[in-house]
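Everything below concerns the one structure shown next.
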Amino acid sequence: MAPVKEMESKQPKSMEKRTLQVSNPHLEQMKDDILYHFDLGTNTHDFQDLFGDVKFVCVGGSPSRMKAFAQYITGELNMGDPTADIPNICAGTDRYAMYKVGPVLSISHGMGIPSISIMLHELIKLLYHSKCCDVTIIRIGTSGGIGIEPGSVVITSQSVNPCFEPQFEQIVLGKTVIRSTKLDAELAQELVQCSQEINEFNTVIGNTMCTLDFYEGQARLDGAICSYTEEEKMQYLRAAYEAGIRNIEMESSVFAAMCNISGLRAAVVCVTLLNRLEGDQISSSHDVLVEYQQRPQKLVGYFIKKHLTKV
Ligand code: URA
């Protein structure tokens, strides 16, 4: 069966209000919507009251990192003591963790496409039920770099699949549907500008390859299964570099596709933990890795602060 290419959502001109689109006619008929993996529901929670003011959503793999980001943003926005504990809105489940600091939501999404996809379905419905508008969503994460120094931050211009194509394939009712992985170019440029203003770490804009796993999918030689030679691995990674790819991770394609369909202004900002042209194992010390992981948080924190203090 030939794959079906889905239309891209129409983006508003920059001054227009961005309302969220849920691309599902069945939702209107539902009397109650249970967001099972968040342990939230429209009959048990007043979404508009809880989340109606949300303007920025930051998502990242690990629950502890997203809690740390919420605490960091508390300090940056002068909204309280950044060392104080902060309640997890999704405390009734251990699937995802969610924190709210004023208009900023910080949510964990776990590892890989299936995990972030489930979280995004429920997050997009949460924003829709809350009648949020003009929401910016940014994935902050870690990645493997290609041809750039470890610790560099990559702002994704395009998310591409392991064949270097800017698309995400979703199987729906047994048919392959192809979705665009286009991200917001203006937002990416704004983030580059913020990074120049901070001027603390190397930042590049480039393509990000999204894979289905960490080992074979990312051409590693150190997994439990490997059917290629070192030379073949290097050939593939060099070809990726030639295609403008500067980092590899496991969530950006479905993130870009789902945000695109829903009319969300979206960006991906990931730090690189190693240079994959030089090895496969992440061998930097714990302290170095902790500092690296703070870089996307610093950049996005600066961006949010700049926006919220502008008006
Ligand atoms: N995350 C990935 O997906 N790959 C890496 O190499 C490092 C972090």
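Each ligand, and each atom within it, is numbered from 1 in the order the structure gives. Quantities reported herein were computed from a predicted structural model and do not represent experimental measurements.
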(message) Test of understanding: given a 4.0 Å heavy-atom threshold, classify the contact between R220 and ligand 1 as side chain, backbone, both, or neither.
(response) side chain

(request) Using a strict 4.0 Å cut-off to heavy atoms of I248, name the atoms of ligand 1 that fall inside it. (result) 2 (C), 3 (O), 4 (N)

(message) Could you tell me, atom by atom, which parts of ligand 1 come under 4.0 Å of a heavy atom of L274?
(response) 6 (O)

(request) Answer yes when R265 and E190 have at least one side-chain N-carboxylate O distance shorter than 4.0 Å, and no when they do not. (result) yes

(request) Could you point out which residue of K233, Q218, R220 forms a side chain to side chain donor-acceptor pair (under 3.5 Å) with D280? (result) K233

(message) Contact between ligand 1 and T272 is defined here as a heavy atom of the residue under 4.0 Å from a ligand atom; is it met?
(response) no

(request) Considering only non-hydrogen protein atoms, determine which one is nearest to atom 7 (C) of ligand 1 and report residue, atom name and distance to 0.1 Å. (result) S143 C, 3.3 Å

(request) Using a 4.5 Å cut-off on heavy atoms from C-beta on, say whether the side chain of F201 contacts that of S195. (result) yes

(message) Closer than 4.0 angstrom, basic N to acidic O: yes or no for D39 and R95?
(response) no

(message) Can you confirm if the aromatic rings of F255 and F168 lie within a centre distance of less than 6.0 Å?
(response) no

(request) Under 4.0 Å from a heavy atom of F214: give me the atoms of ligand 1 that qualify, with their elements. (result) 1 (N), 2 (C), 3 (O), 4 (N), 5 (C), 6 (O), 7 (C), 8 (C)

(request) Calculate, to the nearest 0.5 Å, the distance between atoms OH and CD1 belonging to Y99 and I73 respectively. (result) 15.5 Å

(message) Tell me the protein heavy atom at minimum distance from atom 5 (C) of ligand 1, and give that distance in Å.
(response) G144 N, 3.3 Å

(message) Any carboxylate oxygen within less than 4.0 angstrom of a Lys/Arg side-chain nitrogen, looking at K100 and D53?
(response) yes

(message) Taking 4.0 angstrom as the limit and counting only heavy atoms of Q218, give me the atoms of ligand 1 inside it, by number and element.
(response) 2 (C), 3 (O), 4 (N), 5 (C), 6 (O)

(request) Under 4.0 Å from a heavy atom of M250: give me the atoms of ligand 1 that qualify, with their elements. (result) 3 (O)

